[in-house]
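See structure below.
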2 protein chains.
Amino acid sequence: MNEALERPYHHGNLRQALIDTASEMLRDDKGWQFTLREVARRAGVSHAAPYKHFPDKASLLSELAQRGFEQLEAETRAAISPRQRSARKAFMAAALAYVEFGIRNPSLYRLMFSAEAGDVATTHLGARAMSALGVVIELLQRGQASGEFKQRAVRGQAAACWSMVHGIVVLSIEGMLHPEKVGADPIRAALETLLEGLEAPAP
Amino acid sequence: MNEALERPYHHGNLRQALIDTASEMLRDDKGWQFTLREVARRAGVSHAAPYKHFPDKASLLSELAQRGFEQLEAETRAAISPRQRSARKAFMAAALAYVEFGIRNPSLYRLMFSAEAGDVATTHLGARAMSALGVVIELLQRGQASGEFKQRAVRGQAAACWSMVHGIVVLSIEGMLHPEKVGADPIRAALETLLEGLEAPAP
DNA sequence: ACCTGAACACCGTTCAAGT
DNA sequence: ACCTGAACACCGTTCAAGT
């Protein structure tokens, strides 16, 4: 921290330095009012310098968002890597990993779905998001193949899962899923309810 | 429209005029970059005039958000007013009304859950949101009383329902629930899945 | 009582000019 | 090749001054 004192980026990788600095701001400043000039300031360069490495502000944000999706997918995938578990357990582990990522990185998570990083649906961002969605689809296919989950259109079930975890994250970040409002451990309760909608009735 | 030509607010209700103008901007400008100066401009007053009626920008936004929650609750409630229906049908109708409100008013919906309108959880806003949540809770209690829904903690089920509809709205607004990505009518599919998690197995 | 105009401290973005 | 400083057109907010 405080790289500015060492004047480190006179030559080289300002681009990476800007990304790192911005990531830190995203992690630390809960109050999400991201400004390019402040990133430049913290990186120890003039406010015009970033424009040599990014065409505009949205471009830097988009870069951060993409990295966010990569990290989200990696963490969610890691949560289900022990393949021996049941689809139910794998589902729960993946869903909790997703939600925890969102709650641990509220500003980043908001950014990932914010229009400020570019049209999420139409740009590369959409591709990243869809790739993250792939984890869910694999999980659902596994559950259906083993007979644990109902035989339904996987894409519809995936829409349900993604909407649920996304909703949980956003409402949690906004402080609307606190126990006093909506009962103890609303996150687990919500995921349990969804899971029961996915599962096939006991034979 | 174009009220400015008639110089209508020289005397009276500039406060209301600002709210109306801002609401129109919210409805029309898909690209959500709300500025107080533009509201003043469209209302035909100087950029300093709003400060005689609202302490700051967040205050106007908060007012708009509160009205949004009122409208959302009213529309959701209206969708289930024919009391004779089954809990399943009432639930589906209410959920679809909620989701359609969000999709019809994307900027307003975003604002309602955005930190720009003040801390959603801690201010009056939170109260409005909780009041809107009341519709869901009544519905769940009805379904449990009639035996249609599983006997579970209503607050947990409510968390599931709210997270689901909220997630559906946000992902839809962001263009991530389009048929080519996630199958035909992902909204109904997602709500069906949730509903099956709520319902008691057939006796 | 209600509104305006100038002013201040910020933005994002551009561009000539510096090394 | 990479960065800076001044500049432009915007913000939100304040405040003396106008009617």
Side-chain angles (χ1 to χ4, degrees), chain A residues 3-23 25-26 28-29 31-65 107 110-111 114-119 123, chain B residues 3-23 25-26 28-29 31-65 107 110-111 114-119 123:
Chain A
E3 304 95 309
L5 291 180
E6 313 161 21
R7 314 169 135 264
Y9 310 116
H10 267 57
H11 50 295
N13 48 348
L14 177 54
R15 187 190 156 88
Q16 188 58 48
L18 290 169
I19 292 173
D20 293 345
T21 306
S23 289
M25 289 173 60
L26 228 38
D28 302 343
D29 289 12
W32 170 249
Q33 12 84 322
F34 196 93
T35 106
L36 210 45
R37 283 173 108 111
E38 195 181 352
V39 178
R41 228 177 280 130
R42 295 209 195 186
V45 294
S46 83
H47 60 262
Y51 287 89
K52 301 298 156 189
H53 301 271
F54 299 94
D56 53 19
K57 180 181 173 181
S59 209
L60 210 198
L61 292 180
S62 178
E63 181 80 35
L64 295 174
S107 301
R110 291 198 79 122
L111 173 64
S114 133
E116 298 193 71
D119 263 334
T123 61
Chain B
E3 305 94 308
L5 293 179
E6 313 161 20
R7 314 169 133 262
Y9 309 117
H10 267 58
H11 51 296
N13 48 347
L14 176 55
R15 187 189 156 87
Q16 186 59 46
L18 290 169
I19 292 174
D20 294 344
T21 305
S23 288
M25 289 172 61
L26 228 39
D28 302 342
D29 289 13
W32 171 247
Q33 12 83 321
F34 198 92
T35 105
L36 209 44
R37 284 173 108 111
E38 195 181 352
V39 178
R41 230 177 280 129
R42 294 208 195 187
V45 294
S46 83
H47 60 263
Y51 288 87
K52 300 299 153 187
H53 300 272
F54 299 93
D56 54 17
K57 180 181 172 181
S59 210
L60 210 199
L61 292 180
S62 178
E63 181 80 36
L64 294 173
S107 302
R110 290 198 79 121
L111 172 63
S114 133
E116 299 193 71
D119 264 334
T123 61

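Everything numeric in this text was worked out from a predicted model, so none of it was measured.
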Practice problem: Determine the stems involving DNA chain C; a stem requires 3 or more consecutive pairs of the Watson-Crick or G-U wobble kind, each with both distances below 3.5 Å, and the answer is none if no such run exists. | Solution: C:4-8 with D:12-16, C:12-16 with D:4-8
Quiz item: Looking at CG of B/L64 and CG of B/L60, how far apart are the two atoms once the value is rounded to the nearest 0.5 Å?
Solution: 5.5 Å
Quiz item: What does nucleotides 7-19 of chain D look like as a protein-contact string, B for base, S for sugar-phosphate only, - for none, at under 4.0 angstrom between heavy atoms?
Solution: B---BBBBB----
Practice problem: With rounding to the nearest 0.5 Å, note down the distance linking OG in A/S46 to NZ in A/K52. | Solution: 9.0 Å
Quiz prompt | Nearest-Å distance for atom pair CG/C1', residues B/L18 and C/dC3 | solution = 12 Å
Practice problem: Quick one: which residue pairs count as a salt bridge (Lys or Arg N to Asp or Glu O under 4.0 Å) with a foot in residues 54-65 of chain A, not counting sequence neighbours? | Solution: A/R15-A/E63, A/E63-A/R67
Self-check item: Partner set under ring-ring contact (aromatic ring centres under 6.0 Å, His included) for A/F54, not counting sequence neighbours
Solution: none
Practice problem: Could you list the residues that satisfy salt bridge (Lys or Arg N to Asp or Glu O under 4.0 Å) with B/E116, not counting sequence neighbours? | Solution: none
Self-check item: Interatomic spacing from OG1 in A/T21 to CG in A/L26 - rounded to 0.5 Å
Solution: 12.0 Å
Quiz item: Heavy atoms, side chains only, cut-off 4.5 Å: are B/F34 and B/V39 in contact?
Solution: yes
Quiz item: Rounded to the nearest 0.5 Å, how far does CD of A/E38 lie from CZ of A/R42?
Solution: 4.5 Å
